[in-house]
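Heads up, the thing below is written out as structure tokens.
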Amino acid sequence: MNISALDLNLLLVLHTVLAERSAAAAARRLHVTPSAVSNSLAKLRAQLGDPLVVRSGRGLVPTPRALELEPHLRAAIRELERVVAGAERFDPQTTTRSFALALSDAHQITDLPRVARAFARAMPRAQLRVVSVDHFEAVGGLAGGEVDAAIAPVSEPQPGQHSQHLYEEAGMMTVRRDHPAAGKPITRELWATLRFVDIHLALGRGGIGHRAARAWLATERLSLDIAVVVPSFLAAAVVAANSDYVAGLPRRVAEALAPVTPLVPLAVQGPPMAFSIELVWHERTHHDAGARAFRELVIAALSPSRAANKRGSRARA
């Protein structure tokens, strides 16, 4: 028969009845009434075309068909119990599970090395899969089911998501070393003559387009003359290194690229641009033991001090 037409709960009842050889004892074990067990057996008899158990004295005796089913039901139930219980017995040292983390190219440059080292120590047999922002968006983000977590600037709350603060990031405006404005105090008049590279990232709307950057520009009463729009921080850095355009970069990205690109910071007046970086995940994986262990190792690897930054996770409903 087609298994899709069979109520699998009835097989659990039969398994319990065969183990107990009593409808009353099976009912107590299943926390249902004896009549509920009898009704389930009647339905299964009709579907399988066999009496399954017959009464003998005060107990039940299985038919040959039931005896044939008994070891297979026992093995299937034990396997299901093992799988369900195993979700709470997650062992980082032995798991071969794959975990997917979405990162912008900036976080691939600055955060991925530390995460990879922590991952190798904590989950030596597992696989870490890093996905780009484009791929993250293409598969439906965190709700799509493929990505376990993402590292991104604090963004607008999304339904069904949780987040944990990781660290504070500083931004800086960079130009090539021999740029006419390099080394000069950046007055408003000089700023007005500059043209900029904008970075459009889907994850967190990164770069100059991110809301923290827009807030900084509004506070400083500055505007941008956008000349080039690129999809990554690395592309922005390369453009700025080979032109008179200005690229806004996270400070740690600029420092990491300093040995291979002739970029220097502009001497912009006022407080630096700053924004918070967080780990974000979906309600779908919030209670999963493996996903939780993965998040904890990412947080431990990237938080300067978990005690100092312990804001906890915030749910977004």
Side-chain angles (χ1 to χ4, degrees), residues 103-112 132-134 137 150-157 165-278 280 302 304 309:
L103 301 173
S104 71
D105 69 314
H107 297 299
Q108 291 172 30
I109 293 169
T110 59
D111 293 334
L112 181 56
S132 67
V133 175
D134 288 341
E137 289 295 307
I151 295 176
V154 173
S155 59
E156 296 294 338
H165 175 76
L166 293 176
Y167 55 83
E168 296 296 319
E169 181 68 277
M172 58 193 300
M173 295 296 178
T174 61
V175 293
R176 59 183 173 83
R177 189 173 293 112
D178 56 349
H179 190 283
K184 296 180 180 179
I186 304 301
T187 63
R188 294 186 181 279
E189 290 74 21
L190 181 53
W191 180 278
T193 68
L194 301 174
R195 303 203 72 198
F196 293 82
V197 183
D198 198 1
I199 304 103
H200 282 191
L201 295 179
L203 184 59
R205 312 309 306 175
I208 297 173
H210 179 57
R211 65 175 185 170
R214 294 196 299 270
W216 177 80
L217 290 167
T219 299
E220 298 300 310
R221 299 194 303 279
L222 298 172
S223 60
L224 301 177
D225 181 4
I226 303 298
V228 181
V229 178
V230 296
S232 69
F233 290 98
L234 182 58
V238 171
V239 170
N242 291 275
S243 69
D244 283 343
Y245 298 142
V246 182
L249 301 176
R251 180 177 299 278
R252 293 184 309 142
V253 172
E255 291 172 350
L257 295 178
V260 294
T261 58
L263 293 177
V264 295
L266 281 181
V268 180
Q269 306 295 314
M273 185 189 311
F275 44 96
S276 295
I277 301 298
E278 61 186 7
V280 189
L302 298 182
N309 289 299

### Task
Indicate the atoms forming the closest heavy-atom contact of Ser243 with Arg176, along with that distance.
O-NE, 2.8 Å
### Criterion side-chain contact (heavy atoms from CB on, under 4.5 Å) on Leu194 and Val175, from CA distance to verdict
CA-CA 10 Å; Leu194 301 174; Val175 293; 5.9 Å; no
### Query
Taking all non-hydrogen atoms of both residues, which atom of Ile199 and which atom of Ser232 are closest, and how far apart?
CG2-C, 3.8 Å
### Task
Starting at CG of Asp111, measure out to CZ of Arg252 and round the result to the nearest 0.5 Å.
4.5 Å
### Query
Counting N and O atoms only, with roles assigned by atom type, does the side chain of Thr174 sit under 3.5 Å from a partner on the main chain of Ala247, one being a donor and the other an acceptor?
yes
### Task
Could you walk me through whether Val264 and His179 pass side-chain contact (heavy atoms from CB on, under 4.5 Å), step by step?
CA-CA 9 Å; Val264 295; His179 190 283; over 6 Å; no
#### Entry: Pairwise distance CG(Leu103) to CG(Leu112) - rounded to 0.5 angstrom
6.0 Å
### Summary
In terms of heavy-atom contacts, Glu220 and Pro271 come closest through OE2-CD, 3.5 Å
### Message
Is any side-chain heavy atom of Val238 closer than 4.5 Å to one of Val230?
### Response
no
### Query
Which heavy atom of Ala170 sits nearest a heavy atom of Phe275, and at what distance?
C-CE2, 4.5 Å
### Summary
Between Thr261 and Arg177, the two heavy atoms sitting closest are O-NH2, 4.3 Å
### Query
Can you tell me how far CG of Leu249 sits from CD of Glu169, rounded to the nearest 0.5 angstrom?
10.0 Å
### Query
From Thr219 OG1 over to Met273 CE, what is the distance, rounded to the nearest 0.5 angstrom?
11.0 Å
### Query
Are more than 12 heavy atoms from other residues, nucleotides or ligands located less than 6.0 Å from atom CZ of Arg188?
yes
### Message
Donor-acceptor pair, distance only, cut-off 3.5 Å: does the side chain of Asp198 make one with the backbone of Ile226?
### Response
no
### Task
Measure the spacing between CZ of Arg195 and CG of Leu224 and express it to the nearest 0.5 Å.
11.5 Å
### Query
Between Trp191 and Ser223, is there a donor-acceptor pair closer than 3.5 Å when you use the side chain of the first and the backbone of the second?
yes
## Note on the structure
Closest non-hydrogen atoms of Arg251 and Met172, given as atom of the first, atom of the second and distance, are CA-SD, 3.6 Å
### Task
Report the C-alpha separation of Val253 and Leu234 in whole Å, then their side-chain angles, then the decisive distance to 0.1 Å, and conclude whether the side-chain contact (heavy atoms from CB on, under 4.5 Å) test is met.
CA-CA 9 Å; Val253 172; Leu234 182 58; over 6 Å; no
### From CG (Asp105) to CZ (Phe233), nearest 0.5 Å
6.5 Å
